[in-house]
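So that the names make sense, note that chain A is the first sequence line, chain B the second, and so on, each numbered from 1.
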Amino acid sequence: MRIYLRPALVVLGLLTVLTGLVYPLMVTGMAQLFFPWQANGSLIVRDGKPVGSVLIGQPFDAPQYFWSRPSATSPFPYNAAASAGSNLGPTNEALVEAVQTRIDALKAADPGNPKPIPVDLVTASASGLDPHISPAAADYQVRRVARSRGMSEAQVRQIVAQYTQGRRFGILGEPRVNVLEVNLALDAKP
Amino acid sequence: MTGHGALQIGLYLIALLALVKPLGWYMARVYEGAPVGVDRLLGPVERGIYRLAGVRPNDEMDWKTYAVAMLLFNAAGMLVLYALQRFQGLLPLNPQGFGAVPPDLAFNTAASFVTNTNWQAYGGETTMSYLTQMLGPTVQNFVSAATGMAILVALIRGLARRTAGTLGNFWVDLVRSTLYILLPIAVLLSLALVAQGTIQTLDSYKTAALVHPLIYDKPVTDANGQPVLDDKGRPKTQSETVTEQILAVGPAASQIAIKQLGTNGGGFFNVNSAHPFENPTPLSNFLEMLAILLIPASLCYTFGRMVGDTRQGWAVLSAMTIILALFLVMGFWAEQNGNPTFTGLGLDQTASHRQAGGNMEGKETRFGIVNSTIWASVTTAASNGSVNSMHDSYTPLGGFIPLFLMQFGEVVFGGVGSGLYGMIVFAIVAVFVAGLMVGRTPEYLGKKIEPYEMKMAALLILIMPIVVLGFTAAAVMTQAGITSTFNPGPHGFSEVLYAYSSQGNNNGSAFAGLNVNTPYYNTTGGIAMLISRFWLAIPTLALAGSLARKRPVPVGPGTLSTHTPLFVVLLIGVVVLVGALTFIPALALGPIAEHVLMVHPS
């Protein structure tokens, strides 16, 4: 047995150094050298201070902002230190109640909006940190945001279009709107 | 099925199959000890490891020695990983100051990573220091994958060699898999992911000022952390304002690259590859999905080349691809159809160029339905288990797909190495079934399949269902098992069945609503993972040893060709039938019952 023990321990030790230290440190070094902005969290900096990450959503519940997708993180939504989905099953009553509450909130903030509510706007994302909503979910909110800011719908639509991404190469993924970027751009308008 | 959905599925499968031959050829050279290019750079490292470890690379091992070496290496790895978690509070690279991981959780996690399962009962960003993440999961991501590949190569040599007593050298197969296959691809993939936005830093968590402060109701807790109740018995809350967002960061890209390549699946963050810092864009998603199946698929070509007939490898790969494609399309269809309850609430679930539509609960906008369901099928066909959407929130039929794919025994691609050795065992069963039909002694690749081989094959096929169904039954009969379920009704049963199907097949994905971080689930799950990995690896090596000793029989007119479409159909039939006969009764109690309840409420 002892003749097998030495290779077991030595190979484990050496591969640990190689794959557990050399590999991640080397990748960290190269990442920091070639892609420092991405490697450090794609932060948006305003006046020298980070106001968020392009990749991580933030909670919005005021009428003058586009609302992000519902988030199931605890203890408050969009807690980027503890990602989580709701894990509610499709037939769970709690899911139906949660979706109904969100529908009511959207309708109360914009009574008489004739559009149907897109499903992604009232369902919790997988990460609880989804930075995007679908273009349809943005369309639904344009009227409310424009009214509460005293802007025209066309002006708001233009900003939304600026932060809307299509499918990659026209094929991969889904079209989407970055909520944080749109809201920052809205706030920057005089 | 939407046009864009079909296009993305097609593109994915084509890209994957295009990579099989070049990588498969390369890996065959690695295992044959031929020059491969990277060895000019890493050759000295390889030889240095052998020298320090006292390994003579040309010394071959019989199956028992090979198995002992493999088991000792894995036992040492498990002890180190356990100790690392228990003592992380005293060790460096712990900017968040996390304390020791509790013993039951540390056991489960150590078993999980050593067995290539990567079941995660913990939340990465709230439990583990950077040092633990790097030296623990990341290291095992490499070496547990390399262990699977080594066992596979031993089995292939057993089939390829004639009247041989040995199967190769475990240390050489392990080290060469790590150095020449996993490491170079992982470096390339991690940098590609960082370019897309995956984080890779050793800094502590970042703080950003929220654009709009958030006011929420915070539950009041007493000195022991228990919720305080008001006079009506409801939890008391107080209004709290949040003005900052703490962004958990860390050396994620390096871990994610290898977690996909090694069919490991253990994420850096709690929500795994749904987290935008792990999987930021559709392109990063595409690369990660390719990485999941890349090595399991390419090993089929390696297998064909090493047994001297590449058609054998393509036949096995065809069977795997056909099963995957069928399930993938079914899963996509189920999720795109959406949740009928949502339609009742007046929501718009129609797919269009303005939205993905469908059942978006637990899915990310950038991935939509199609990329969530491709991933769900791919990650469970392979024993990867990483997720980019929450399987617990899938429609009943959408959740049935990943559950059933795991229950095939992780042989449809499966784990790196372990998937193909499982599938080769099914091929042996298939020739046995065919042999029974025509009354002839079955043979596979010129080797006679005799009672000893069939005993090992039967063991390999029977152990997994016993583990999965046994532990599921025990859990739903005990209070400790039931109280952990999160969703009511048949969905709660599906959660338990999924948990043991996942651990009992070394997959690692979850219906994550189930609270598995309890001593009961941590212990039983850990045992399930260890049995399924090692009690299958040992009979596989025994089978390899027995096959290697045999003299090949010449091909005759009565020999069943194992590279024809007929054999592919037979192989698919055996895999699906064995899986269905074993698991349909349990599936009827979970997803099938829930589907009926969903479409016919009350």
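- No part of A:Pro70 comes within reach of chain B, as not one of its non-hydrogen atoms sits under 4.5 angstrom from that chain.
- Residue B:Leu11 touches chain A through its side chain alone, counting heavy-atom pairs closer than 4.5 Å.
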Is there a side chain to side chain donor-acceptor pair (under 3.5 Å) between B:Thr365 and A:Asp130 once you walk through the steps? CA-CA 7 Å; B:Thr365 310; A:Asp130 194 341; 2.8 Å; yes
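- Counting heavy atoms from C-beta outward, B:Leu247 and A:Leu43 have side chains that approach closer than 4.5 Å.
- Only the side chain of B:Leu214 comes within contact range of chain A, with at least one heavy atom under 4.5 Å from a heavy atom of that chain.
- For the pair B:Leu514/A:Asn87, no side-chain contact is recorded, criterion being any heavy-atom separation below 4.5 Å from C-beta on.
- Ranked by non-hydrogen atom pairs under 4.5 Å with chain B, the options A:Gly166, A:Gly170, A:Ser134 are led by A:Ser134.
- Contacts between A:Leu121 and chain B at a heavy-atom distance below 4.5 Å are absent for every atom of the residue.
- Note: A:Leu172 leads A:Leu172, A:Val51, A:Leu184, A:Val96 in heavy-atom pairs under 4.5 Å with chain B.
- Remark: B:Thr65 engages B:Asp62 in a side chain to side chain donor-acceptor pair (under 3.5 Å) (not counting sequence neighbours).
- By number of non-hydrogen pairs under 4.5 angstrom with chain B, the leading residue of A:Pro75, A:Gly128, A:Ala8 is A:Ala8.
- Proximity to chain A (any heavy atom under 4.5 Å) is shown, for B:Tyr50, by neither the backbone nor the side chain.
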Check the pair B:Leu72 / A:Leu9 against side chain to side chain contact (heavy atoms under 4.5 Å, CB included), numbers first and verdict last. CA-CA 9 Å; B:Leu72 271 177; A:Leu9 297 177; over 6 Å; no
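- No donor-acceptor pair under 3.5 Å is formed between the side chain of B:Asn270 and the backbone N or O of A:Ala82.
- Only the backbone of B:Phe367 has a heavy atom closer than 4.5 Å to any heavy atom of chain A.
- Contacts between B:Val242 and chain A at a heavy-atom distance below 4.5 Å involve the side chain alone, from C-beta outward.
- In this structure, B:Gln355 contributes its side chain and A:Pro135 its backbone to no donor-acceptor pair below 3.5 Å.
- Both the backbone and the side chain of B:Pro396 come within less than 4.5 Å of a heavy atom of chain A.
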Please lay out, stage by stage, how A:Asn40 and B:Lys206 fare under the test side chain to side chain contact (heavy atoms under 4.5 Å, CB included). CA-CA 9 Å; A:Asn40 291 306; B:Lys206 314 264 178 189; 4.1 Å; yes
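- Checked by atom type and distance alone, the side chain of B:Gln200 never pairs as donor or acceptor with a backbone atom of A:Gly29 at under 3.5 Å.
- Looking at A:Arg167, the atoms closer than 4.5 Å to chain B (heavy atoms on both sides) all sit in the side chain, from C-beta outward.
- With a threshold of 4.5 angstrom between heavy atoms, B:Ala75 does not approach chain A through any atom at all.
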Going through the distances and angles, do A:Ser125 and B:Lys363 end up as a side chain to side chain contact (heavy atoms under 4.5 Å, CB included)? CA-CA 5 Å; A:Ser125 62; B:Lys363 296 191 182 67; over 6 Å; no
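- The contact list for residues 10-26 of chain A toward chain B, using heavy atoms and a distance under 4.5 Å, reads A:Val10, A:Val11, A:Leu12, A:Leu14, A:Leu15, A:Thr16, A:Leu18, A:Thr19, A:Gly20, A:Leu21, A:Tyr23, A:Pro24, A:Leu25, A:Met26 by residue number.
- The candidate from A:Pro175, A:Ser42, A:Gly89, A:Gly85 with the greatest count of non-hydrogen atom pairs under 4.5 Å with chain B is A:Gly89.
- For residues 105-118 of chain A, the interface with chain B (any heavy-atom pair closer than 4.5 Å) comprises A:Pro116, A:Ile117, A:Pro118, sorted by residue number.
- Across all their heavy atoms, B:Val194 and A:Ala31 have their closest contact at CG1-CB, 3.8 Å.
- Using a 4.5 Å cut-off between heavy atoms, B:His491 contacts chain A through its side chain alone, with no backbone atom that close.
- Without hydrogens or angle criteria, B:Gln245 side chain to A:Gly52 main chain gives no donor-acceptor distance under 3.5 Å.
- Side-chain contact check for A:Gln38 and B:Thr198: no donor-acceptor pair (N or O, by modelled atom type) lies under 3.5 Å.
- Residue contact with chain B, scored on non-hydrogen atoms closer than 4.5 Å, involves the backbone and the side chain of A:Tyr78 alike.
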Show, in sequence, the C-alpha distance, side-chain angles and deciding distance for A:Leu129 and B:Val271, and conclude whether the side chain to side chain contact (heavy atoms under 4.5 Å, CB included) test is met. CA-CA 10 Å; A:Leu129 304 173; B:Val271 294; 5.9 Å; no
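- Scored by the side chain to side chain donor-acceptor pair (under 3.5 Å) test, A:Ser71 finds A:Thr73 as partners (sequence neighbours excluded).
- Within the 4.5 Å cutoff, side-chain heavy atoms of A:Leu95 are placed close to those of B:Phe342.
- Side-chain atoms of A:Arg6 come within 3.5 Å of backbone N or O of B:Leu52 as a donor-acceptor pair.
- Residue contact with chain A, scored on non-hydrogen atoms closer than 4.5 Å, involves the side chain of B:Asn339 exclusively.
- Across A:Arg168, A:Glu174, A:Met30, the residue that shares the most heavy-atom pairs under 4.5 angstrom with chain B is A:Glu174.
- Without hydrogens or angle criteria, B:Ser393 side chain to A:Leu88 main chain gives a donor-acceptor distance under 3.5 Å.
- Side chain of A:Gln100 to main chain of B:Leu345: no donor-acceptor pair is present (N/O by atom type, distance under 3.5 Å, no hydrogens or angles).
- If you measure heavy-atom distances from B:Val387 to chain A, you find no contacts under 4.5 Å at all.
- A donor-acceptor contact under 3.5 angstrom links the side chains of B:Glu361 and A:Ser86, judged on distance only.
- For a residue to count as touching a neighbouring chain, one of its non-hydrogen atoms must lie under 4.5 Å from one of that chain's; by this rule A:Ile44 does not touch chain B.
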